[in-house]
Amino acid sequence: MTRAFLVVMDSVGIGGAPDAAEFFNNGVPDTGADTLGHIFDACARGEAEDGRSGPLSLPVLAGLGLFHAADLASGGGRVGLRATPPVGTWGAATEVSQGKDTPSGHWELAGLPVPWDWTYFPDTVPAFPDDLTAKVCEIAGTDGILANCHGSGTVMIERFGDEHVRTGRPICYTSADSVFQIAAHEAHFGLDRLYDLCERLAPILHDMKVGRVIARPFVGEAGNYTRTTNRHDYAILPPRPVLTNWVQDAGRAVHAIGKIGDIFSMTGIETVAKGADNTLMEHLHAAVETMPDGSFTFANFVEFDSLYGHRRNVSGYARHLEWFDAGIGRLLPKLRDGDLLVITADHGNDPTWTGTDHTRERVPVLIAGRGMGEIGQVGFADVAASIAAHLGVPSQGPGRSFL
């Protein structure tokens, strides 16, 4: 029996989304946003020199067809990227769900375009309705909350960390995504208390069609606060079976790496491995070495997005791409005959763009284990249909296999 591995490079978009003009950052449409292309250009100009130098070097991903996919996404507008002849199978995927967020991208990659409009909080102060704020205070046992606005998590902690430690009030903030985030100090507020607060709020926010409630714990002292790896997402449950369910219902093993378990509320998932991206790469290598025949492994590498995209850190993003490329290079020889490896992304987060939010983009689809060639323009849901076809399990979504 064959195995399948689906790896999401969180936010590594390749531009070219046909509806980018309908999505905004700081009131500016995402038209022209291109995460990979703009990082490539910045490196070529010598503008990404912090911890690295020279042109962007991704020999493994280029060999799988990454830059060819980027040119395809832009309709041939980046033909100069096609320097390395690919040895894998490659294409570009377009999303139909009306969001540029984690759940929308992952659900559709798993065969379920989002069947409703998400609820988003306005970019105002306060951002949250009074009754929701009152509920947070009631559950937390506090006389108020902090922030109550749009913002980057690291900025929120810097701005409100001292007041949070002094008053005990949770730091509550949102973004252009359908999300309600709560930051709290692991020692002063308590990690279990933060988890309990988020878990009890989640059903209320899910009923409002808010996609995720996210616990964002941090540690440290005044002037030196840092987020920990104990983040936990309380995501709304997909309303219909997705790829993980299809595979599990066929009696196969399903393993999640990174935040996949949180995104899908563990539906159809048996085991999960978490950690920082360097640890997740070790988990992915271990899965390739140990997962049984017929199994499906679904992985997400979040730090492209969380550490570099939102923070608009071009050199850090480039450095992480090169690190990931090396890790995949060590992984490919470990694949067994018959294995399928699909590398893709869930949205963009162009670190050269205005604002701090995701960008609406097409994403690469890079395939190892199925020879070489171009699959052309496909849909996100086609990824799920193709993996199901490879594993020999029924596909229950709208996608069509490109294999």
Side-chain angles (χ1 to χ4, degrees), residues 8-42 61 65-82 90-118 120 175-179 211 300 304-305 308-310 312 314 317 321 342-366 374-384 398-400 402:
V8 177
M9 303 181 292
D10 201 302
S11 86
V12 183
I14 53 175
D19 56 359
E22 301 172 19
F23 297 82
F24 296 86
N25 263 276
N26 277 359
V28 178
D30 286 343
T31 306
D34 183 352
T35 299
L36 178 69
H38 288 158
I39 293 170
F40 182 92
D41 291 343
L61 295 175
L66 175 61
F67 293 129
H68 284 61
D71 179 53
L72 176 66
S74 65
R78 300 298 302 249
V79 69
L81 296 178
R82 294 180 180 241
W90 53 273
T94 305
E95 184 175 11
V96 300
S97 299
Q98 290 303 300
K100 52 175 180 175
D101 53 84
T102 294
S104 296
H106 282 79
W107 283 17
E108 193 168 329
L109 288 169
L112 178 62
V114 178
W116 53 59
D117 291 331
W118 295 112
Y120 302 95
S175 71
D177 291 343
S178 180
V179 64
N300 171 283
F304 296 105
D305 187 59
Y308 308 114
H310 286 298
R312 297 302 190 249
V314 177
Y317 209 128
L321 281 166
V342 179
I343 301 173
T344 186
D346 54 341
H347 50 70
N349 201 347
D350 188 339
T352 72
W353 211 243
T354 185
T356 61
D357 295 320
H358 297 153
T359 43
R360 181 73 163 187
E361 301 178 42
R362 286 185 166 123
V363 301
V365 180
L366 313 178
E374 178 183 344
I375 60 172
Q377 297 277 9
V378 300
F380 276 37
D382 296 341
V383 173
R400 299 181 63 182
F402 47 66

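Index from 1, following the sequence. Note that the coordinates shown come from a computational prediction; the quantities given were computed from them, not determined experimentally.
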Kindly give the heavy-atom pair with the smallest separation between [X] and [Y], and that separation in Å.
X    : Y    : value
A384 : G111 : CB-N, 3.4 Å
L366 : G65  : CD2-C, 3.7 Å
V314 : A42  : CG1-CB, 3.7 Å
F304 : D10  : CB-O, 3.1 Å
A70  : L81  : CB-CD1, 3.7 Å
A69  : I14  : O-CD1, 3.4 Å

For F67 and L61: C-alpha separation, side-chain torsions, deciding distance, then whether side chain to side chain contact (heavy atoms under 4.5 Å, CB included) applies.
CA-CA 8 Å; F67 293 129; L61 295 175; over 6 Å; no

Of H358, R360, H38, R312, the one forming a side-chain hydrogen bond (donor to acceptor under 3.5 Å, both in side chains) with D350 is H38

Atom pair [atom1]/[atom2] of [X] and [Y] - distance to nearest 0.5 Å:
X    : Y    : atom1 : atom2 : result
H106 : L112 : NE2   : CG    : 14.0 Å
T359 : F24  : OG1   : CZ    : 14.0 Å
W353 : D34  : CH2   : CG    : 9.0 Å
N300 : D346 : CG    : CG    : 6.5 Å
R362 : F380 : CZ    : CZ    : 10.0 Å
L66  : L36  : CG    : CG    : 5.0 Å

Treating [X] as the side-chain partner and [Y] as the backbone partner, does any N or O pair qualify as donor plus acceptor under 3.5 Å?
X    : Y    : value
N25  : D357 : yes
S175 : D177 : yes
Q377 : L72  : yes
T94  : G379 : no

Between P351 and I39, is there a side-chain heavy-atom distance shorter than 4.5 Å?
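Contact flag for I39/P351 side chains = yes.
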
Show, in sequence, the C-alpha distance, side-chain angles and deciding distance for S104 and W118, and conclude whether the side chain to side chain donor-acceptor pair (under 3.5 Å) test is met.
CA-CA 9 Å; S104 296; W118 295 112; 2.8 Å; yes

Verify whether one side chain among T35 and Y317 offers a donor that lies under 3.5 Å from an acceptor in the other.
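No, no side-chain donor-acceptor contact under 3.5 Å.
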
For N349 and Y308, run side chain to side chain contact (heavy atoms under 4.5 Å, CB included): C-alpha distance rounded to whole Å, both residues' side-chain angles, the deciding distance at 0.1 Å, then the answer.
CA-CA 9 Å; N349 201 347; Y308 308 114; over 6 Å; no

Identify, with sequence neighbours excluded, every residue that meets side-chain hydrogen bond (donor to acceptor under 3.5 Å, both in side chains) alongside T356.
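For T356, no residue satisfies side-chain hydrogen bond (donor to acceptor under 3.5 Å, both in side chains) once neighbours in sequence are set aside.
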
Test log, rule side chain to side chain contact (heavy atoms under 4.5 Å, CB included), inputs D305 and H347:
CA-CA 10 Å; D305 187 59; H347 50 70; 3.6 Å; yes

Between D41 and R78, does a side chain to side chain contact (heavy atoms under 4.5 Å, CB included) hold up when you go through it step by step?
CA-CA 11 Å; D41 291 343; R78 300 298 302 249; 2.8 Å; yes

According to the salt bridge (charged side-chain N to carboxylate O under 4.0 Å, His left out) rule, which pairs have a member within residues 97-117, sequence neighbours left out?
D30-K100

